[in-house]
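Take a look at the structure below.
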2 protein chains.
Amino acid sequence: MLQGRCTTQKLAIAAVLRDIHDHPSALLIHERVRESLPNISLATVYRNLENMVAAGFINAIAGAPECRFDANTMPHHHFLCQGCHTLSDVPATGAGVSLLYPDSIDGCAVTGAQLLFSGYCQACMPGRPSAF
Amino acid sequence: MLQGRCTTQKLAIAAVLRDIHDHPSALLIHERVRESLPNISLATVYRNLENMVAAGFINAIAGAPECRFDANTMPHHHFLCQGCHTLSDVPATGAGVSLLYPDSIDGCAVTGAQLLFSGYCQACMPGRPSAF
DNA sequence: TTTTATGCAAAGTCTTTGCACTCAC
DNA sequence: GTGAGTGCAAAGACTTTGCATAAAA
């Protein structure tokens, strides 16, 4: 799982990612890791996250103001609330979502697809009765 | 289409967006607008883009290093090449892509969906014969 | 005239980079 | 001992904000 040398910092970052099940930004990950490793630098967090994304251990989620990370590498989609900017998981199947796409589009090799839904969560539903 | 007062700056930005058919970043838009309006400030470009996104006149595309904008408000998807970071349009239908989703997921109202494919364009196809 | 929009400049936020030092191997 | 990995600090890139001025209505 970990590449290269096994450092305390890498283990601490991996442990945080394993425990967090929401979609933390790099800054939040740094904050959490500092609980167990107060001296770890933000640059180290960024460098290790970059390596983990490259290794496929975590996913980088596009679409939020900052880049967020996701330790859940199972295929799934995301929902971004436009009210509170919360990012939540949407199962790849079972939520009524159906996505099919070919391996290549217009001669381009497609290696992955990110589906980002936007809208409003129950708490942020604008101008609608809460019974919606 | 334009909200509020009709200023030279708004018209110039709208004209640039109408002419550009790729997916310019805010900085690139600023550069292009300066060709006709050399004194326009970057802050004005950002403020107007924000207004146009809010008004639904253009879309903000998530997933690129910087936020990019898209004057094409017809439903369509995007392909981000991991080699050259070029962002291109994928027709909503006709490219073999099939996407179906409900109006609400887990009690959240879904107002839109962005589908971002990633992979490699023909020029960046890694370690594969160009005849792929 | 009134009020919104702009330009300028500064600050804010997130991310990357350079370099000397440390520690896993 | 060697070199990958780290901490620190600075810089970089993109975006937002404050305020006086300009211009649309």
Side-chain angles (χ1 to χ4, degrees), chain A residues 1-17 20 22-55 57-70 80 82 85 87, chain B residues 1-17 22-55 57-70 80 82 84-85 87:
Chain A
M1 167 185 112
L2 291 175
Q3 301 194 320
R5 299 187 177 177
C6 175
T7 64
T8 322
Q9 289 83 353
K10 281 186 188 177
L11 291 173
I13 294 170
V16 165
L17 287 170
I20 296 186
D22 54 3
H23 305 85
S25 67
L27 290 172
L28 188 68
I29 293 172
H30 180 226
E31 211 168 280
R32 296 277 186 101
V33 175
R34 291 220 296 178
E35 289 170 13
S36 58
L37 229 61
N39 291 322
I40 192 172
S41 82
L42 186 52
T44 298
V45 172
Y46 272 106
R47 277 186 282 236
N48 278 293
L49 288 174
E50 188 186 335
N51 291 342
M52 288 173 178
V53 170
F57 174 53
I58 57 174
N59 292 326
I61 303 171
E66 335 87 355
C67 189
R68 302 199 207 177
F69 298 90
D70 191 354
L80 181 64
Q82 295 180 321
H85 299 108
L87 189 67
Chain B
M1 167 184 111
L2 291 176
Q3 301 193 321
R5 298 187 177 178
C6 176
T7 64
T8 322
Q9 289 83 353
K10 280 186 191 178
L11 292 173
I13 294 170
V16 165
L17 286 171
D22 55 2
H23 305 86
S25 66
L27 290 172
L28 188 68
I29 293 170
H30 180 227
E31 211 168 282
R32 296 279 186 99
V33 175
R34 291 218 296 177
E35 289 170 13
S36 58
L37 229 62
N39 291 322
I40 192 171
S41 81
L42 186 52
T44 298
V45 172
Y46 272 106
R47 277 185 283 236
N48 279 294
L49 289 174
E50 188 187 334
N51 291 342
M52 288 172 176
V53 170
F57 173 53
I58 58 173
N59 291 328
I61 303 171
E66 335 87 357
C67 190
R68 302 199 208 177
F69 298 91
D70 192 354
L80 181 64
Q82 296 180 319
C84 57
H85 299 108
L87 190 67

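It should be emphasised that the depicted structure is a prediction, and the values quoted were computed from it without experimental measurement. Proteins come first, then strands; the chains are lettered A, B, ... in the order of their sequence lines, and each starts at number 1.
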Between [X] ([atom1]) and [N] ([atom2]), how many Å, whole number?
X       : N      : atom1 : atom2 : answer
B/Leu11 : C/dT6  : CG    : C1'   : 14 Å
A/Leu27 : C/dT15 : CG    : P     : 6 Å
B/Lys10 : C/dG7  : NZ    : C1'   : 16 Å
A/Leu37 : C/dT22 : CG    : C1'   : 14 Å
B/Leu49 : D/dT15 : CG    : P     : 9 Å
A/His30 : D/dA9  : NE2   : P     : 13 Å
B/Glu50 : D/dT16 : CD    : C1'   : 9 Å
B/Asn51 : D/dT17 : CG    : P     : 13 Å

Does any residue of residues 38-48 of chain B have a heavy atom under 4.0 Å from DNA chain D, and if so, which ones, in number order?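 Those residues are B/Leu42, B/Ala43, B/Tyr46, B/Arg47.
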May I ask you to evaluate whether A/Gln9 reaches the phosphate of D/dG7, defined as a side-chain N or O under 4.0 Å from OP1 or OP2?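 Looking at the OP1 and OP2 atoms of D/dG7, one of them is under 4.0 Å from a side-chain N or O of A/Gln9.
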Who passes side-chain contact (heavy atoms from CB on, under 4.5 Å) against A/Ala15, sequence neighbours left out?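 For A/Ala15 the side-chain contact (heavy atoms from CB on, under 4.5 Å) partners, ignoring immediate neighbours, are A/Arg18.
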Could you list the residues that satisfy side-chain contact (heavy atoms from CB on, under 4.5 Å) with A/Ala54, not counting sequence neighbours?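 With neighbours one apart ignored, the set is empty.
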B/Ile13 CD1 to B/Leu49 CG distance, which is reported to the nearest 0.5 Å: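 The distance works out to 6.0 Å.
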NZ of B/Lys10 to CE of B/Met52: how many Å apart, nearest 0.5 Å?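 Atom-to-atom, B/Lys10:NZ and B/Met52:CE are 8.0 Å apart.
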Below 3.5 Å between N/O atoms, which protein atoms pair up with nucleotides 20-24 of chain D? Just atom names and distances, please.
{"residue": "D/dA24", "atom": "N3", "partner": "B/Arg5", "partner atom": "NH1", "Å": "2.8"}

May I have the list of side-chain donor-acceptor pairs in residues 28-39 of chain A shorter than 3.5 Å, sequence neighbours left out?
{"residue": "A/His30", "atom": "NE2", "partner": "A/Ile40", "partner atom": "O", "Å": "2.9"}
{"residue": "A/His30", "atom": "NE2", "partner": "A/Leu42", "partner atom": "N", "Å": "3.4"}
{"residue": "A/Ser36", "atom": "OG", "partner": "A/Val33", "partner atom": "O", "Å": "3.2"}

Per the end-axis method with five pairs at each terminus, what is the bend angle of the helix from C/dT1-D/dA25 to C/dC25-D/dG1, to 10°?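 End-to-end axis angle: 30°.
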Identify the two heavy atoms, one from B/Ala26 and one from B/Val45, that lie closest to each other, and give their separation to 0.1 Å.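 Closest approach of B/Ala26 to B/Val45: O-CG1, 3.9 Å.
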Please list all pairs passing the side-chain hydrogen bond (donor to acceptor under 3.5 Å, both in side chains) test where one or both residues lie in residues 40-50 of chain A, with sequence neighbours left out.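 Counting only pairs at least two positions apart or across chains, the side-chain hydrogen bond (donor to acceptor under 3.5 Å, both in side chains) contacts touching residues 40-50 of chain A are A/Ser41-A/Thr44.
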